[in-house]
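Just so you know, ligand 1 is whichever comes first in the structure, and atom 1 is the first atom listed for that ligand. Every value quoted in this text rests on a predicted model; they were computed, and no experiment measured them. Excluded from the calculations below are hydrogen atoms, water molecules and symmetry mates; all remaining heavy atoms, backbone and side chain alike, are included.
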Amino acid sequence: MFTEIEGDFLSGQKISEELGCSRTAVWKHIEDLRQEGYELEAVRRKGYRIKTIPDKISHNEISLGLKTETLGRKIHFEDSVTSTQKIAHQLAYDGVPEGTLVVAEEQTSGRGRLSRAWYSPKYTGVWMSLILRPNLPPAKAPQLTLLTAVAITQAIEEVTGLRPDIKWPNDILINKKKTVGILTEMQAEADKINSVIIGMGINVNQSLEQFPEELHSIATSLSIELGEKVNRAELIQTILMKFENLYQKYLQHGFYPIKLLWESYAISIGKRIIARTITGTLEGKAKGITEDGVLMLEDDQEVVHYIHSADIQIGSD
Ligand code: BTX
(Lines give C-alpha, C1' and ligand atoms only; values in the text may rest on other atoms or scores of the structure.)
Protein backbone atom coordinates (compact mmCIF):
# COMPACT_ATOMS: atom_id res chain seq x y z
CA MET A 1 0.00 0.00 0.00
CA PHE A 2 2.85 2.38 0.79
CA THR A 3 4.46 1.60 -2.57
CA GLU A 4 1.24 2.45 -4.41
CA ILE A 5 0.72 5.73 -2.61
CA GLU A 6 4.27 6.88 -3.52
CA GLY A 7 5.46 8.81 -0.51
CA ASP A 8 2.07 10.22 0.48
CA PHE A 9 0.25 9.73 3.80
CA LEU A 10 -1.71 6.55 4.45
CA SER A 11 -4.11 6.50 7.36
CA GLY A 12 -4.05 3.76 9.97
CA GLN A 13 -7.82 3.49 9.54
CA LYS A 14 -7.50 2.82 5.81
CA ILE A 15 -4.78 0.20 6.31
CA SER A 16 -6.78 -1.60 8.98
CA GLU A 17 -9.96 -1.58 6.84
CA GLU A 18 -8.25 -2.79 3.70
CA LEU A 19 -6.26 -5.52 5.43
CA GLY A 20 -9.04 -6.46 7.84
CA CYS A 21 -6.85 -6.18 10.93
CA SER A 22 -6.99 -4.10 14.10
CA ARG A 23 -5.38 -0.67 14.55
CA THR A 24 -3.07 -2.25 17.11
CA ALA A 25 -1.92 -4.76 14.52
CA VAL A 26 -1.29 -1.91 12.05
CA TRP A 27 0.76 -0.08 14.69
CA LYS A 28 2.78 -3.24 15.34
CA HIS A 29 3.58 -3.61 11.63
CA ILE A 30 4.60 0.04 11.46
CA GLU A 31 6.96 -0.58 14.40
CA ASP A 32 8.35 -3.63 12.56
CA LEU A 33 9.09 -1.42 9.56
CA ARG A 34 10.88 1.06 11.84
CA GLN A 35 12.94 -1.79 13.27
CA GLU A 36 13.87 -2.74 9.71
CA GLY A 37 15.28 0.71 9.10
CA TYR A 38 12.31 2.48 7.46
CA GLU A 39 11.88 6.02 8.70
CA LEU A 40 8.17 6.73 9.11
CA GLU A 41 6.47 9.95 9.92
CA ALA A 42 3.22 9.78 11.90
CA VAL A 43 0.88 12.77 11.76
CA ARG A 44 -2.49 12.97 13.53
CA ARG A 45 -5.51 12.63 11.23
CA LYS A 46 -3.25 12.07 8.23
CA GLY A 47 -1.61 8.77 9.13
CA TYR A 48 1.78 7.43 8.23
CA ARG A 49 4.22 8.39 5.53
CA ILE A 50 7.45 6.66 4.59
CA LYS A 51 10.29 9.19 4.65
CA THR A 52 13.20 6.94 3.79
CA ILE A 53 13.55 3.30 2.89
CA PRO A 54 16.43 1.27 4.34
CA ASP A 55 19.71 1.30 2.55
CA LYS A 56 20.53 -2.38 2.07
CA ILE A 57 23.83 -3.90 1.01
CA SER A 58 24.32 -7.07 -0.98
CA HIS A 59 26.94 -9.69 -1.62
CA ASN A 60 27.51 -8.16 -5.07
CA GLU A 61 27.97 -4.63 -3.80
CA ILE A 62 30.74 -5.83 -1.51
CA SER A 63 32.53 -8.02 -4.03
CA LEU A 64 32.23 -5.89 -7.18
CA GLY A 65 35.30 -3.71 -7.43
CA LEU A 66 37.00 -5.31 -4.41
CA LYS A 67 40.72 -5.18 -5.08
CA THR A 68 42.10 -7.46 -2.35
CA GLU A 69 44.02 -10.66 -3.04
CA THR A 70 42.71 -12.88 -0.24
CA LEU A 71 40.56 -10.98 2.23
CA GLY A 72 36.87 -11.08 1.33
CA ARG A 73 37.44 -13.16 -1.80
CA LYS A 74 34.89 -15.54 -0.30
CA ILE A 75 31.89 -13.84 1.29
CA HIS A 76 29.13 -15.43 3.29
CA PHE A 77 26.28 -12.88 3.29
CA GLU A 78 23.07 -13.15 5.31
CA ASP A 79 20.12 -10.90 6.00
CA SER A 80 19.75 -11.84 9.66
CA VAL A 81 21.89 -14.00 11.94
CA THR A 82 22.31 -14.54 15.66
CA SER A 83 25.99 -13.56 15.50
CA THR A 84 28.42 -13.48 12.59
CA GLN A 85 31.04 -14.83 15.05
CA LYS A 86 29.02 -17.98 15.54
CA ILE A 87 28.74 -18.61 11.79
CA ALA A 88 32.41 -17.80 11.23
CA HIS A 89 33.45 -20.26 13.96
CA GLN A 90 31.54 -23.05 12.22
CA LEU A 91 32.96 -22.11 8.79
CA ALA A 92 36.49 -21.96 10.21
CA TYR A 93 36.00 -25.36 11.77
CA ASP A 94 34.78 -26.67 8.40
CA GLY A 95 38.04 -25.51 6.82
CA VAL A 96 37.14 -22.45 4.69
CA PRO A 97 40.14 -20.53 3.30
CA GLU A 98 41.85 -17.58 4.98
CA GLY A 99 40.12 -14.30 4.25
CA THR A 100 36.58 -15.69 4.28
CA LEU A 101 34.21 -12.96 5.45
CA VAL A 102 30.82 -13.34 7.11
CA VAL A 103 28.59 -10.26 6.78
CA ALA A 104 25.04 -9.79 8.05
CA GLU A 105 22.51 -6.98 7.83
CA GLU A 106 21.38 -7.68 11.38
CA GLN A 107 22.49 -9.68 14.43
CA THR A 108 19.85 -10.77 16.89
CA SER A 109 22.41 -11.74 19.54
CA GLY A 110 25.57 -9.92 18.55
CA ARG A 111 28.17 -10.20 21.27
CA GLY A 112 31.00 -8.21 22.76
CA ARG A 113 33.74 -9.29 25.16
CA LEU A 114 32.93 -11.27 28.29
CA SER A 115 29.53 -12.29 26.84
CA ARG A 116 28.31 -8.69 26.77
CA ALA A 117 25.70 -7.84 24.14
CA TRP A 118 26.50 -5.89 20.98
CA TYR A 119 23.52 -4.01 19.59
CA SER A 120 23.35 -4.66 15.84
CA PRO A 121 20.16 -3.31 14.23
CA LYS A 122 19.21 -3.99 10.63
CA TYR A 123 20.53 -2.05 7.61
CA THR A 124 22.41 0.51 9.66
CA GLY A 125 25.79 -0.92 10.61
CA VAL A 126 28.61 -3.15 9.47
CA TRP A 127 28.47 -6.44 11.37
CA MET A 128 31.10 -8.82 10.08
CA SER A 129 33.61 -11.52 11.02
CA LEU A 130 36.84 -12.20 9.18
CA ILE A 131 38.57 -15.58 9.30
CA LEU A 132 42.38 -15.57 9.31
CA ARG A 133 44.79 -18.48 9.51
CA PRO A 134 48.13 -16.96 10.49
CA ASN A 135 51.05 -19.23 11.23
CA LEU A 136 51.60 -17.82 14.73
CA PRO A 137 51.58 -18.94 18.36
CA PRO A 138 48.28 -18.23 20.19
CA ALA A 139 49.90 -15.59 22.44
CA LYS A 140 50.26 -13.29 19.41
CA ALA A 141 46.53 -13.21 18.60
CA PRO A 142 45.80 -10.03 20.65
CA GLN A 143 48.14 -8.12 18.30
CA LEU A 144 45.60 -8.77 15.58
CA THR A 145 43.00 -6.84 17.59
CA LEU A 146 45.28 -3.80 17.50
CA LEU A 147 45.98 -4.33 13.80
CA THR A 148 42.23 -4.48 13.16
CA ALA A 149 41.71 -1.23 15.05
CA VAL A 150 44.29 0.48 12.82
CA ALA A 151 42.72 -0.93 9.62
CA ILE A 152 39.23 0.24 10.58
CA THR A 153 40.47 3.65 11.72
CA GLN A 154 42.34 4.20 8.45
CA ALA A 155 39.27 3.13 6.45
CA ILE A 156 36.95 5.45 8.40
CA GLU A 157 39.37 8.31 7.80
CA GLU A 158 39.55 7.59 4.08
CA VAL A 159 35.82 7.12 3.51
CA THR A 160 34.44 9.85 5.80
CA GLY A 161 37.28 12.24 6.60
CA LEU A 162 36.48 11.81 10.32
CA ARG A 163 39.40 11.35 12.70
CA PRO A 164 38.73 8.42 15.08
CA ASP A 165 40.72 7.61 18.23
CA ILE A 166 41.66 4.14 19.41
CA LYS A 167 41.18 3.23 23.06
CA TRP A 168 43.19 0.19 24.11
CA PRO A 169 42.56 -2.54 23.26
CA ASN A 170 39.47 -2.74 21.13
CA ASP A 171 37.38 0.43 21.01
CA ILE A 172 37.31 3.05 18.31
CA LEU A 173 35.84 6.31 19.49
CA ILE A 174 34.73 9.45 17.71
CA ASN A 175 34.34 12.51 19.92
CA LYS A 176 34.87 10.17 22.90
CA LYS A 177 31.91 7.95 21.98
CA LYS A 178 32.12 4.31 20.98
CA THR A 179 31.64 3.84 17.25
CA VAL A 180 33.33 0.48 16.69
CA GLY A 181 33.84 -2.67 18.74
CA ILE A 182 36.28 -5.47 17.91
CA LEU A 183 36.11 -9.01 19.22
CA THR A 184 39.01 -11.37 18.53
CA GLU A 185 38.45 -15.07 19.15
CA MET A 186 40.43 -18.10 18.07
CA GLN A 187 40.49 -21.80 17.53
CA ALA A 188 43.92 -23.02 18.59
CA GLU A 189 46.03 -25.84 19.91
CA ALA A 190 48.56 -25.28 22.71
CA ASP A 191 51.23 -23.82 20.41
CA LYS A 192 49.50 -23.19 17.12
CA ILE A 193 46.62 -21.03 15.91
CA ASN A 194 44.16 -22.85 13.66
CA SER A 195 42.09 -19.79 12.98
CA VAL A 196 41.49 -16.32 14.32
CA ILE A 197 37.99 -14.93 13.99
CA ILE A 198 37.87 -11.16 14.08
CA GLY A 199 34.47 -9.68 14.73
CA MET A 200 33.97 -6.07 13.74
CA GLY A 201 30.92 -4.05 14.71
CA ILE A 202 30.69 -0.56 13.22
CA ASN A 203 27.86 1.88 13.86
CA VAL A 204 27.46 3.50 10.47
CA ASN A 205 24.05 5.00 9.70
CA GLN A 206 22.07 4.88 12.94
CA SER A 207 20.42 8.05 14.17
CA LEU A 208 20.65 8.65 17.91
CA GLU A 209 17.02 7.55 18.39
CA GLN A 210 17.89 4.20 16.84
CA PHE A 211 20.19 3.40 19.77
CA PRO A 212 18.69 2.00 22.97
CA GLU A 213 18.41 4.57 25.76
CA GLU A 214 21.29 3.14 27.80
CA LEU A 215 23.74 3.68 24.93
CA HIS A 216 22.78 7.31 24.17
CA SER A 217 25.56 8.84 26.24
CA ILE A 218 28.32 6.36 25.29
CA ALA A 219 27.72 5.43 21.63
CA THR A 220 27.64 7.20 18.29
CA SER A 221 27.57 6.36 14.58
CA LEU A 222 29.56 7.66 11.62
CA SER A 223 26.47 9.38 10.16
CA ILE A 224 25.70 11.17 13.45
CA GLU A 225 29.25 12.53 13.52
CA LEU A 226 29.42 13.32 9.81
CA GLY A 227 25.90 14.65 9.31
CA GLU A 228 25.27 12.43 6.30
CA LYS A 229 24.82 8.74 5.44
CA VAL A 230 27.87 6.64 4.67
CA ASN A 231 28.07 3.96 1.97
CA ARG A 232 28.51 0.73 3.94
CA ALA A 233 29.70 -1.42 1.02
CA GLU A 234 32.44 1.10 0.25
CA LEU A 235 33.44 1.12 3.90
CA ILE A 236 33.70 -2.69 3.99
CA GLN A 237 35.83 -2.72 0.81
CA THR A 238 38.14 -0.06 2.21
CA ILE A 239 38.53 -1.90 5.54
CA LEU A 240 39.47 -5.10 3.67
CA MET A 241 42.06 -3.24 1.56
CA LYS A 242 43.64 -1.52 4.58
CA PHE A 243 43.52 -4.76 6.56
CA GLU A 244 45.24 -6.78 3.84
CA ASN A 245 47.95 -4.19 3.52
CA LEU A 246 48.66 -4.14 7.28
CA TYR A 247 48.35 -7.91 7.63
CA GLN A 248 50.95 -8.51 4.90
CA LYS A 249 53.26 -6.02 6.62
CA TYR A 250 52.66 -7.73 9.96
CA LEU A 251 53.40 -11.23 8.64
CA GLN A 252 56.59 -9.99 6.95
CA HIS A 253 57.99 -7.54 9.52
CA GLY A 254 56.25 -8.37 12.79
CA PHE A 255 54.24 -6.12 15.08
CA TYR A 256 56.58 -3.11 15.22
CA PRO A 257 55.30 -1.18 12.15
CA ILE A 258 51.72 -1.81 13.30
CA LYS A 259 52.58 -0.62 16.82
CA LEU A 260 53.82 2.72 15.45
CA LEU A 261 50.63 3.27 13.50
CA TRP A 262 48.51 2.17 16.44
CA GLU A 263 50.26 4.66 18.72
CA SER A 264 49.56 7.49 16.30
CA TYR A 265 45.80 6.93 16.83
CA ALA A 266 45.86 5.98 20.52
CA ILE A 267 43.92 8.23 22.85
CA SER A 268 44.85 6.74 26.25
CA ILE A 269 48.65 6.88 26.12
CA GLY A 270 50.17 9.41 28.52
CA LYS A 271 46.83 9.86 30.30
CA ARG A 272 45.64 8.78 33.72
CA ILE A 273 43.52 5.70 33.37
CA ILE A 274 41.55 3.23 35.41
CA ALA A 275 41.92 -0.35 34.23
CA ARG A 276 39.27 -2.84 35.33
CA THR A 277 40.55 -6.38 34.91
CA ILE A 278 38.94 -9.66 35.93
CA THR A 279 41.16 -9.78 39.01
CA GLY A 280 40.82 -6.15 40.16
CA THR A 281 41.12 -2.45 39.40
CA LEU A 282 44.35 -0.55 38.78
CA GLU A 283 44.82 3.20 38.50
CA GLY A 284 47.75 5.13 37.11
CA LYS A 285 49.30 6.50 33.95
CA ALA A 286 49.15 4.65 30.62
CA LYS A 287 52.82 4.44 29.60
CA GLY A 288 52.27 2.81 26.22
CA ILE A 289 52.14 -0.67 24.78
CA THR A 290 54.90 -3.28 24.67
CA GLU A 291 56.31 -4.85 21.53
CA ASP A 292 53.59 -7.47 22.00
CA GLY A 293 50.71 -5.02 22.31
CA VAL A 294 50.35 -5.38 26.09
CA LEU A 295 49.31 -2.19 27.91
CA MET A 296 51.79 -0.73 30.45
CA LEU A 297 50.25 1.09 33.39
CA GLU A 298 52.44 2.90 35.91
CA ASP A 299 50.78 3.28 39.31
CA ASP A 300 51.41 6.08 41.84
CA GLN A 301 54.25 4.05 43.42
CA GLU A 302 55.88 4.02 39.97
CA VAL A 303 55.36 0.29 39.61
CA VAL A 304 54.65 -0.73 36.02
CA HIS A 305 51.85 -3.26 35.53
CA TYR A 306 51.44 -5.24 32.32
CA ILE A 307 47.80 -5.53 31.34
CA HIS A 308 46.66 -8.14 28.86
CA SER A 309 42.94 -7.58 29.07
CA ALA A 310 40.81 -4.90 30.74
CA ASP A 311 38.20 -2.20 30.33
CA ILE A 312 39.83 1.20 30.36
CA GLN A 313 38.37 4.42 31.65
CA ILE A 314 40.30 7.50 30.66
CA GLY A 315 40.80 10.22 33.29
CA SER A 316 42.61 13.53 32.90
CA ASP A 317 46.14 14.14 31.51
P1 BTX B 1 32.84 -4.75 24.38
O2 BTX B 1 32.63 -5.82 25.40
O3 BTX B 1 34.07 -3.92 24.42
O4 BTX B 1 31.61 -3.76 24.34
C5 BTX B 1 30.30 -4.16 24.69
C6 BTX B 1 29.62 -2.99 25.36
O7 BTX B 1 29.48 -1.89 24.44
C8 BTX B 1 28.20 -3.32 25.82
O9 BTX B 1 28.18 -3.81 27.12
C10 BTX B 1 27.48 -1.95 25.69
O11 BTX B 1 27.70 -1.15 26.83
C12 BTX B 1 28.20 -1.27 24.55
N13 BTX B 1 27.51 -1.48 23.25
C14 BTX B 1 26.68 -2.47 22.85
N15 BTX B 1 26.30 -2.31 21.58
C16 BTX B 1 26.89 -1.17 21.15
C17 BTX B 1 26.90 -0.47 19.91
N18 BTX B 1 26.24 -0.88 18.83
N19 BTX B 1 27.64 0.67 19.86
C20 BTX B 1 28.35 1.15 20.91
N21 BTX B 1 28.38 0.52 22.10
C22 BTX B 1 27.67 -0.63 22.22
C23 BTX B 1 32.98 -4.89 21.79
O24 BTX B 1 32.80 -5.52 23.00
C25 BTX B 1 33.10 -5.91 20.68
C26 BTX B 1 31.91 -5.90 19.78
C27 BTX B 1 32.08 -6.79 18.59
C28 BTX B 1 30.84 -6.82 17.74
C29 BTX B 1 31.05 -7.59 16.47
S30 BTX B 1 29.76 -7.36 15.34
C31 BTX B 1 30.28 -8.66 14.35
C32 BTX B 1 30.77 -9.73 15.30
N33 BTX B 1 29.68 -10.63 15.68
C34 BTX B 1 29.42 -10.55 17.01
O35 BTX B 1 28.54 -11.19 17.62
N36 BTX B 1 30.27 -9.67 17.57
C37 BTX B 1 31.19 -9.11 16.62
Side-chain angles (χ1 to χ4, degrees), residues 35 37 57 62 72 75-92 100-132 142 144-146 148-149 151-152 156 164-186 195-225 232 235-236 239-240 243 267-268 275-278 295 307-314:
Q35 283 300 316
I57 41 175
I62 303 168
I75 295 173
H76 185 102
F77 184 85
E78 299 239 13
D79 199 44
S80 180
V81 297
T82 50
S83 156
T84 56
Q85 288 295 96
K86 205 170 156 199
I87 293 174
H89 269 288
Q90 185 59 49
L91 291 173
T100 301
L101 184 72
V102 180
V103 187
E105 283 283 24
E106 166 190 53
Q107 297 187 114
T108 51
S109 27
R111 56 179 201 243
R113 292 177 303 150
L114 307 168
S115 316
R116 290 188 284 228
W118 184 259
Y119 180 68
S120 324
K122 214 166 196 179
Y123 306 132
T124 55
V126 167
W127 325 122
M128 63 184 186
S129 300
L130 181 65
I131 300 170
L132 298 178
L144 291 170
T145 302
L146 305 190
T148 307
I152 299 177
I156 290 176
D165 296 305
I166 303 177
K167 193 178 88 172
W168 186 91
N170 71 331
D171 285 345
I172 297 179
L173 312 176
I174 299 180
N175 289 326
K176 303 208 169 109
K177 287 180 161 184
K178 192 151 162 169
T179 319
V180 178
I182 300 163
L183 177 68
T184 307
E185 296 176 319
M186 70 180 152
S195 59
V196 178
I197 292 140
I198 301 183
M200 298 171 246
I202 307 164
N203 299 325
V204 184
N205 286 330
Q206 292 101 320
S207 59
L208 194 60
E209 304 83 65
Q210 283 174 308
F211 283 101
E213 193 78 34
E214 70 270 19
L215 295 181
H216 279 195
S217 60
I218 57 166
T220 191
S221 72
L222 298 180
S223 69
I224 293 174
E225 298 304 319
R232 288 180 299 145
L235 183 64
I236 295 174
I239 292 171
L240 292 173
F243 203 121
I267 185 178
S268 39
R276 296 191 175 85
T277 70
I278 307 178
L295 181 70
I307 299 176
H308 292 261
S309 172
D311 280 313
I312 304 296
Q313 185 187 329
I314 302 174

Requested in this report: Please confirm whether the backbone N or O of Gln206 pairs with a side-chain atom of Thr124, one donor and one acceptor, at under 3.5 Å?
Outcome: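 Between the backbone of Gln206 and the side chain of Thr124 there is no qualifying donor-acceptor contact (under 3.5 Å).
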**Report entry** Backbone of Gly199 reached by a side-chain donor or acceptor of Trp127 within 3.5 Å
**Finding:** no
Considering distance alone, does some N or O of [X] sit under 3.5 Å from an N or O of ligand 1?
X: Asp311; answer: no
X: Arg113; answer: yes
X: Trp127; answer: no

Of the protein's non-hydrogen atoms, which lies at the shortest distance from [atom], and what is that distance?
atom: atom 20 (C) of ligand 1; result: Ala219 CB, 3.4 Å
atom: atom 18 (N) of ligand 1; result: Tyr119 O, 2.9 Å
atom: atom 21 (N) of ligand 1; result: Trp118 CZ3, 3.7 Å
atom: atom 3 (O) of ligand 1; result: Lys178 NZ, 3.2 Å

Report task. Kindly determine whether Asp79 and Lys122 satisfy salt bridge (Lys or Arg N to Asp or Glu O under 4.0 Å), including the steps that lead there. Result -> CA-CA 8 Å; Asp79 199 44; Lys122 214 166 196 179; 3.0 Å; yes
Quick one: look at [X] and ligand 1, take heavy-atom pairs under 4.0 Å, and tell me if it's side chain, backbone, both or neither.
X: Leu215; answer: side chain
X: Gln107; answer: side chain
X: Asn170; answer: side chain
X: Leu114; answer: neither
X: Arg116; answer: side chain
X: Met128; answer: backbone

What atoms in ligand 1 come closer than 4.0 Å to a heavy atom of [X]?
X: Gly110; answer: 35 (O)
X: Asn203; answer: 17 (C), 18 (N), 19 (N), 20 (C)
X: Ile182; answer: 25 (C)
X: Ser83; answer: 33 (N), 34 (C), 35 (O)
X: Arg111; answer: 26 (C), 27 (C), 28 (C), 34 (C), 35 (O), 36 (N), 37 (C)
X: Thr84; answer: 31 (C), 32 (C), 33 (N)

Query raised in the report: For Thr277, which residues count as a side-chain hydrogen bond (donor to acceptor under 3.5 Å, both in side chains) partner, sequence neighbours excluded?
Result: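 For Thr277, the residues satisfying side-chain hydrogen bond (donor to acceptor under 3.5 Å, both in side chains) (neighbours in sequence not counted) are Thr279.
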Rounded to the nearest 0.5 Å, how far does [atom2] of [Y] lie from [atom1] of [X]?
X: Arg232; Y: Glu105; atom1: CZ; atom2: CD; result: 4.5 Å
X: Asp165; Y: Asp171; atom1: CG; atom2: CG; result: 11.5 Å
X: Leu132; Y: Ser195; atom1: CG; atom2: OG; result: 9.0 Å
X: Lys167; Y: Ser268; atom1: NZ; atom2: OG; result: 8.0 Å
X: Leu240; Y: Ile62; atom1: CG; atom2: CD1; result: 8.5 Å
X: Gln85; Y: Arg111; atom1: CD; atom2: CZ; result: 5.5 Å

**Report entry** Aromatic plane relationship, Tyr119 with Phe211 - under 30° parallel, 30 to 60° tilted, over 60° perpendicular
**Finding:** tilted
Report task. Could you check Ile202, Thr148, Leu144 and say which one makes a side-chain contact (heavy atoms from CB on, under 4.5 Å) with Ile182? Result ->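 One option only clears the test, and that one is Thr148.
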Report summary line: Restricting to heavy atoms, the pick from Gly199, Ser221, Pro169 nearest atom 37 (C) of ligand 1 would be Gly199
Query raised in the report: Closest heavy-atom contact between Arg113 and Ala310?
Result: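 In this case the closest contact between Arg113 and Ala310 is NH1-O, 3.3 Å.
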Query raised in the report: At a 4.0 Å cut-off, with the gap strictly under it, does some heavy atom of Ala117 reach an atom of ligand 1?
Result: yes
